[in-house]
Amino acid sequence: MKFEKEVKEKWGNTEAYAEFERKTKDYSKERFADINSGLEYTFCAFAELMQSGAEPSSTEAQALVKKLQDYITENYYTCTDEILAGLGQMYVADDRFKDNIDKYADGTAEFASKAIRIYCE
């Protein structure tokens, strides 16, 4: 993983990280690529919703947040509302995440972050 050292330094002592290591230890590069494609599809869907004029509070956006949370839980670690809220903040606070998410459409990271915040409140 590109940011493995940074991730381990920040979250290496958490239960979520331990679960991530257990869950992904046998994943091949192809499996990781497939999972990452699933995440990309989800952020593309956030972009499409945003471009359609939907609000972050819309039923569709909130269902997409739930789908994202379930996807992370299924493939990486248990994504609690607390963890999800932190991810939502990171999507706009860390330019690496923001730029990656905004490649689908400018403002997608902010839209997804707001939808996540609403979902977690």
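Predicted model, so just to flag it, every value in this text is computed and none were measured. Below, all heavy atoms of this structure are taken into account, side chains as well, without hydrogens, waters or symmetry copies.
Summarising the geometry, atom CZ belonging to Arg117 is positioned 12.5 Å from atom CG belonging to Leu84; distances are rounded to the nearest 0.5 Å. The CZ atom of Phe46 sits 10.0 Å away from atom OG of Ser113, with the distance rounded to the nearest 0.5 Å. Atom OH of Tyr91 and atom CD of Glu110 lie 14.0 Å apart (nearest 0.5 Å). From Gln51, atom CD reaches atom CZ of Phe111 across 10.5 Å, with rounding to the nearest 0.5 Å. With values rounded to the nearest 0.5 angstrom, Glu82 atom CD is found 5.5 Å from Thr80 atom OG1. For the atom pair CG (Leu64) and OG1 (Thr59), the distance works out to 12.5 Å, reported to the nearest 0.5 Å.
Within the 3.5 Å criterion, the main-chain N or O of Pro56 finds a donor-acceptor partner in the side chain of Gln62. In this structure, the side chain of Asn36 engages the main chain of Phe32 through a donor-acceptor pair within 3.5 Å.
Within a 6.0 Å radius of NZ in Lys114, no more than 12 heavy atoms belonging to other residues, nucleotides or ligands are found.
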Quiz: residues 67-75 side-chain donor-acceptor pairs under 3.5 angstrom, not counting sequence neighbours:
unit_1	atom_1	unit_2	atom_2	d
Gln69	OE1	Tyr119	OH	3.0
Gln69	NE2	Cys79	O	2.8
Gln69	NE2	Asp81	OD1	2.9
Asp70	OD1	Lys66	NZ	2.9
Tyr71	OH	Ile35	O	2.9
Thr73	OG1	Gln69	O	3.1
Thr73	OG1	Cys79	N	2.9
Asn75	OD1	Arg31	NH2	3.1
Asn75	ND2	Tyr71	O	3.0

Discussion item. If you apply the rule side-chain contact (heavy atoms from CB on, under 4.5 Å), what do you find for Leu87 with Phe97, and how did you get there?
Written reply: CA-CA 10 Å; Leu87 288 172; Phe97 282 96; 5.9 Å; no

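Taking the six-membered ring for Trp and the full ring otherwise, Tyr104 and Phe43 have centroids separated by 6.0 Å or more.
Annotation for Met50 and Ala105: closest pair CE-CB, 3.7 Å, computed over non-hydrogen atoms.
Tyr41 pairs by the ring pair (Phe, Tyr, Trp, His ring centres under 6.0 Å) definition with nothing, not counting sequence neighbours.
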